**Student:** 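I'd like to ask you about the structure that follows.
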Amino acid sequence: MRTGPIPDDVDDDDDVPRKGKVVTTTGGWPEPPPILLDELIAEVLLRIPARYLVRLRNSVCSSWRTLISSSQFAKDHLRRSMAVDPALTHPLMAYYSRAYIYPTVGVFSVRSVMENPPHEPTKVVPYEGRRYRLIIGSCNGLLCLHDEEREDDLTHRAMLWNPCTGFTSQPLEIGGLFSICGFGYDHVNDKYKLFAVVDKKSGESVTRMFTFGPKTTWRTIQDFPHNLCDDDSRGHMVHVEGLFVSGTGTLNWLLHGYLSFVWVISLDLVRETYCQFSLPSKDSDDDHEVEPELGILRDCLAVCYETKKTHWTVWLMKDYGVPQSWTKLAIIPHHPLLVRRPRGKALWPIYMLGNVLLALAPSGKFCLCNLNDGSIDFPNIDSSGDGMPRHRPLTQHSCLRGFHLYHESIVSPFHFGLPSCSSEMRLINQSL
């Protein structure tokens, strides 16, 4: 191959520049259309995980900051993280104290719990609020919290909070006390909704659907098809907070009967109507007093039973709402450190990474169940700085705390018109 300088006898009209001349794109390569450049910038930013976008937002140019802060970008990033690249959003566990009035919410990384070696603890990061709050549910990176306005006033308030962005909405007056509730997303109408059976001061109970927006509204809907006060043979509700299943637009409650049957009450947030469907049948020799546990695994509704007093069985509902689609996922043998006597609840399936299942055992211990080889490990979670000193360390026991899994996003209350602030919940430690 010939090498060396470009000869001087190249014609002036040729595209090859002469030796010694400066090469420019003026009159040569066309400038890219601005719309294309903007699309490329957006495409690059959409590939950045939510937590890093939040850090970038205050250190980039104004046009990028405007893009990152827009509601459409938040929706596009959420859609991409759910459908294309789950690495863009980190699964996190948030919890609060059910026993003591601590104004803190603890958060730890689920991926760290599942990937860290035993000698490397996963640290809990505390968020401190202005008052004690409970968690109703989570959806698209938002946690729905509730509290009592005043100790002498029997009324609850609800508030949306994104721990990743730090933004919270102004508290919403409920007009009574929650008895049954749930928080989720109406994907057809692009609305975030709070469902509540509200017990009013007068003693009356009303069933309401709150829709968050610039002017948050509520309307009375059909009564919930189960009354917590009815002590009948139809069984009881395992948890009063409904479990939101993304992609279906539904809230789900598990009802457990002592006569060998269980079923799910489902609320469609789009139509605002109820339906019921059955769970897998139990064996006749199972202990029917042990409550099953609902969860979400691989974007499917999941349930875990105790079976024959020797193991737990985890099922997945492959086709939502179709009982025939229940598929057995795993059988997990009892372990001395997982079983609680007397038995009251089954294993709670929380999250799957590959073939490893993170679960909360009836004994109160978090555990990692390898579905390939059947091994069970116990993660190292350092909760010493969670602001709840009267609780035992999470590595030992998780009792008297309420846990909710959520995924990071940049969706914030102001994206759908809610007045917001960033000072209601304060991050105490930046190590997460």
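As the structure is a computational prediction, the values presented were derived from the model and not from experiment. When a residue number appears, it is its place in the shown sequence, counting from 1.
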**Student:** Mind telling me whether Tyr96 and His404 have parallel, tilted or perpendicular rings, with 30° and 60° as the class edges?
**Tutor:**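 Aromatic pair His404/Tyr96 classed parallel.
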**Student:** On the 0 to 90° scale, with breaks at 30° and 60°, tag the Phe183-Phe212 ring pair as parallel, tilted or perpendicular.
**Tutor:**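 Ring orientation of Phe183 relative to Phe212: perpendicular.
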**Student:** Centre-to-centre under 6.0 Å for His236 and His256, is that the case here?
**Tutor:**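 Between His236 and His256, the centre distance is under 6.0 Å.
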**Student:** Look only at the side chain of Ser97 and the backbone of Tyr102, and say whether a donor-acceptor pair between them is shorter than 3.5 Å.
**Tutor:**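 Checked: no pair found.
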**Student:** Under 3.5 Å, is there a donor-acceptor pair between the side chain of His335 and the main chain of Leu337?
**Tutor:**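 Indeed, once roles are kept as given, a pair shorter than 3.5 Å links the two residues.
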**Student:** I need the Leu177 CG to Lys200 NZ distance, nearest 0.5 Å.
**Tutor:**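 If I round to the nearest 0.5 Å, the distance is 12.0 Å.
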**Student:** We want to know whether His77 and Ser409 form a side-chain donor-acceptor pair, criterion being a heavy-atom distance below 3.5 angstrom.
**Tutor:**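 Result is no, nothing qualifies.
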**Student:** Is Asn189 atom CG crowded by more than 12 heavy atoms from other residues, nucleotides or ligands, each under 6.0 Å away?
**Tutor:**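 Atom CG in Asn189 is packed in, count exceeds 12.
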**Student:** Indicate the ring-plane relationship of Tyr95 and Phe108, choosing parallel, tilted or perpendicular according to the 30° and 60° boundaries.
**Tutor:**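 Correct class here is tilted.
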**Student:** When you measure from the side chain of Ser420 to the backbone of Phe414, do you find a donor-acceptor pair of N or O atoms at a distance under 3.5 Å?
**Tutor:**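 Flag set: sc Ser420 to bb Phe414 pair under 3.5 Å.
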**Student:** Does Trp312 have its ring centroid less than 6.0 Å away from the ring centroid of His334?
**Tutor:**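 Yes.
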**Student:** Ser325 side chain to Val322 main-chain N or O, any donor-acceptor pair under 3.5 Å?
**Tutor:**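 A pair under 3.5 Å: yes.
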**Student:** Relative to each other, are the rings of Trp161 and Tyr127 parallel, tilted or perpendicular (30° and 60° limits)?
**Tutor:**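 Trp161 vs Tyr127 ring planes: perpendicular.
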**Student:** Verify the neighbour count for atom CZ of Arg271: are there more than 12 heavy atoms of other residues, nucleotides or ligands below 6.0 Å?
**Tutor:**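 At most 12 heavy atoms, drawn from other residues, nucleotides or ligands, come within 6.0 Å of this atom.
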**Student:** Between Ser205 and Asp199, does any side-chain donor sit less than 3.5 Å from a side-chain acceptor?
**Tutor:**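 Side chains of Ser205 and Asp199: pair found under 3.5 Å.
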**Student:** Do Ser412 side-chain atoms and His415 backbone N/O form a donor-acceptor pair below 3.5 Å?
**Tutor:**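 No: the side chain of Ser412 does not pair with the backbone of His415.
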**Student:** So, taking the atom named CZ in Arg80 and the one named CG in Leu78, what distance separates them when rounded to the nearest 0.5 Å?
**Tutor:**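 That separation rounds to 13.0 Å.
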**Student:** For the residue pair Tyr192 and Asp186, confirm or rule out a side-chain donor-acceptor distance under 3.5 Å.
**Tutor:**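 Judged by distance alone, the side chains do not pair up.
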**Student:** Would you say the side-chain atoms of Ser398 pair up with the backbone N or O of Gly364, donor to acceptor, closer than 3.5 Å?
**Tutor:**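 Looks like yes, one N/O pair under 3.5 Å.
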**Student:** Which residue is it: Thr89, Val110, Leu142, Val107? I am looking for the one with a side-chain contact (heavy atoms from CB on, under 4.5 Å) to Tyr406.
**Tutor:**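 Exactly one option meets the side-chain contact (heavy atoms from CB on, under 4.5 Å) with Tyr406, and it is Val107.
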**Student:** Check whether Asn252 reaches the backbone of Ser266 with its side chain - one donor and one acceptor, N or O, closer than 3.5 Å.
**Tutor:**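 Looks like no, no N/O pair under 3.5 Å.
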**Student:** For Phe195 and Tyr274, take the angle between the two ring planes, folded into 0 to 90°, and tell me which bin it lands in: parallel under 30, tilted 30 to 60, perpendicular over 60.
**Tutor:**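 The arrangement is perpendicular - the two ring planes meet at more than 60°.
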**Student:** Could you check whether any side-chain N or O of Ser109 sits under 3.5 Å from a backbone N or O of Leu92, counting only pairs where one atom can act as donor and the other as acceptor?
**Tutor:**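 Between the backbone of Leu92 and the side chain of Ser109 there is no qualifying donor-acceptor contact (under 3.5 Å).
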**Student:** Got a salt bridge between Glu306 and Lys345, using NZ or NE/NH1/NH2 to carboxylate O under 4.0 Å?
**Tutor:**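 No, no charged N to carboxylate O under 4.0 Å.
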**Student:** Under 3.5 Å, side chain of Ser169 to main-chain N/O of Pro413, donor-acceptor pair present?
**Tutor:**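 No: the side chain of Ser169 does not pair with the backbone of Pro413.
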**Student:** Does a donor on one side chain sit under 3.5 Å from an acceptor on the other, for Thr307 and Thr313?
**Tutor:**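 Their side chains do contain a donor-acceptor pair, which is all the 3.5 Å distance test asks for.
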**Student:** So, applying ring pair (Phe, Tyr, Trp, His ring centres under 6.0 Å) with Phe366, which one of Phe378, Tyr351, Phe403 is it?
**Tutor:**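 Going through the options one by one, the only one that passes is Phe403.
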